[in-house]
2 protein chains.
Amino acid sequence: MKLTKHTDYAFRVLIYLAGYEKDKLATIKEVTAVFDISRDHVMKIVQKLAKAGFVDAIRGKFGGMKLGSNAADINLRDVVTLMEVTLAPVNCEEPPCRIAQGCVLQTLLFEAQELFLSHLGQYTLSDLIKPESETLYIIKALGESFAAGE
Amino acid sequence: MKLTKHTDYAFRVLIYLAGYEKDKLATIKEVTAVFDISRDHVMKIVQKLAKAGFVDAIRGKFGGMKLGSNAADINLRDVVTLMEVTLAPVNCEEPPCRIAQGCVLQTLLFEAQELFLSHLGQYTLSDLIKPESETLYIIKALGESFAAGE
DNA sequence: TCAAAAGATGTATTTATAATACCCCTATTA
DNA sequence: TAATAGGGGTATTATAAATACATCTTTTGA
Ligand code: SF4
Ligand code: SF4
């Protein structure tokens, strides 16, 4: 009953990018350094985010990445849906459940899951990174100390 | 993002017991046969349920088990809470997240989780096994065919 | 034109944890 | 006292997540 690290790593990356000035590019190297996650790992996550359009990845020298759309248009539910492999709270088929037919529990679990997701669906990336928020402040500091450390 | 099989197996056992006449005992063997789960596995789950008081396990010849209280008093949220090892939707400490301080996402995820759990908290075992329900009918049939097959 | 910087991608390995199995114990009662 | 039924520790296996490795292509400026 928890999200995978991939999902949360995706959020970390997105939050970081959301803290950037629009159109300024961050590199994989930077995200890797700032969050202390391996390059390969970050790559996988960024690629998934890029394919879904949440980030724009620009190849080549002086390439990098930025948000694929406005932070206000990146819905948190969509990010979870993209990153999580399994969203069903229970698998009634394997092994097959003898009481699956008409099982009320099944209905309740899916309702509960929907409440979880729809709560996230009420927010976007921009809600995580409001001006004057602590997170925004921290991100800017992390970015600066990376730039300085180069 | 899903419950463990243990949790659902616990529900299967509880639902089965709830379908029994009050004070009639079911055996591990019966549950094992009906749901096609190994004895050892069922044992582990029943023991956990017994320790929490959700079922009464009676040892010795002609022993068995029954619900530890009225079906209407067994809250679904409590069952999930008991069986799930990890309920936190995200672990911000391992590996430590650099933006954990003041992270809004963290708050939102825990709120979402609470919505999930509190939805289940509105129901009890008796809601899963209403008179004339399909589930109750199926359970009785399973019990009878087990009794006949002995 | 080619070297450096940056992302792309497929595959393999490792690790964590859930799931299952094994073994022997204790309690109860005809 | 034998048969039946649950108790509980430990070991193994399976599955999926997490991570690592290797090798690519793209872009650009010296
Ligand atoms: S008890 Fe209900 S929810 Fe659980 S596996 Fe069976 S059908 Fe699905
Ligand atoms: S981004 Fe927020 S929710 Fe995710 S690990 Fe960091 S603090 Fe926790």
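Lettering of chains follows the sequences in order, A, B, ..., and the numbering in each one begins at 1.
Closest contact between the side chain of Val85(A) and the listed nucleotides dA18(D), dA17(D), dG7(D) involves dA17(D). Distance from the side chain of Arg59(A) is smallest to dG7(C) among dA21(C), dG7(C), dA5(C). For Gln47(A), the side-chain atoms get nearest to dT9(C) when compared with the rest of dT9(C), dA17(D), dA6(C). Comparing atom distances between the Met43(A) side chain and each of dT29(C), dA8(C), dA5(D) picks out dA8(C) as nearest.
Taking 3.5 Å as the limit, the base of dT17(C) and the side chain of Lys2(B) contain no donor-acceptor pair of atoms between them. Taking 3.5 Å as the limit, the base of dG7(D) and the side chain of Arg39(B) contain a donor-acceptor pair of atoms between them.
Enclosure of atom CZ in Phe62(A) is not indicated, since only 12 or fewer non-hydrogen atoms of other residues, nucleotides or ligands lie within 6.0 angstrom. At most 12 non-hydrogen atoms from other residues, nucleotides or ligands lie less than 6.0 angstrom from CD of Gln101(B). Around the CG atom of Asp36(A), the shell of radius 6.0 Å holds no more than 12 heavy atoms that belong to other residues, nucleotides or ligands.
In this pair, His119(A) and Tyr123(A) present their aromatic rings perpendicular. The plane angle is above 60°, beyond the 30 to 60° band.
Under a 4.0 Å N-O distance rule, the pair Asp40(B)/Lys44(B) does not qualify as a salt bridge.
Val46(A) comes within 4.0 angstrom of no nucleic acid atom, judged by non-hydrogen atoms across all strands.
Put simply, His41(A) has a side-chain N or O that comes within less than 4.0 Å of OP1 or OP2 on dT19(D). For the OP1/OP2 pair of dA17(D) and a distance below 4.0 Å, the side-chain nitrogens and oxygens of Thr4(A) include no atom meeting the criterion.
In terms of position on DNA chain D, the residue among Ile58(A) and Lys44(A) whose nearest nucleotide sits closer to the 5' end is Lys44(A). When the nearest nucleotides of DNA chain D are assigned to Ala57(B) and Asp40(A) by heavy-atom distance, the more 5′-ward of the two goes with Ala57(B).
Listed by residue number, His6(B), Tyr9(B) are the residues of residues 6-13 of chain B with a heavy-atom contact under 4.0 Å to DNA chain C.
Between Lys24(A) atom NZ and dA6(C) atom P the separation is 13 Å, expressed in whole Å.
Under a hydrophobic clustering in which Ile, Leu, Val, Met, Phe, Trp and Tyr are joined whenever their side-chain heavy atoms come within less than 4.5 Å, directly or via other members, Val46(B) and Val85(B) fall into different clusters.
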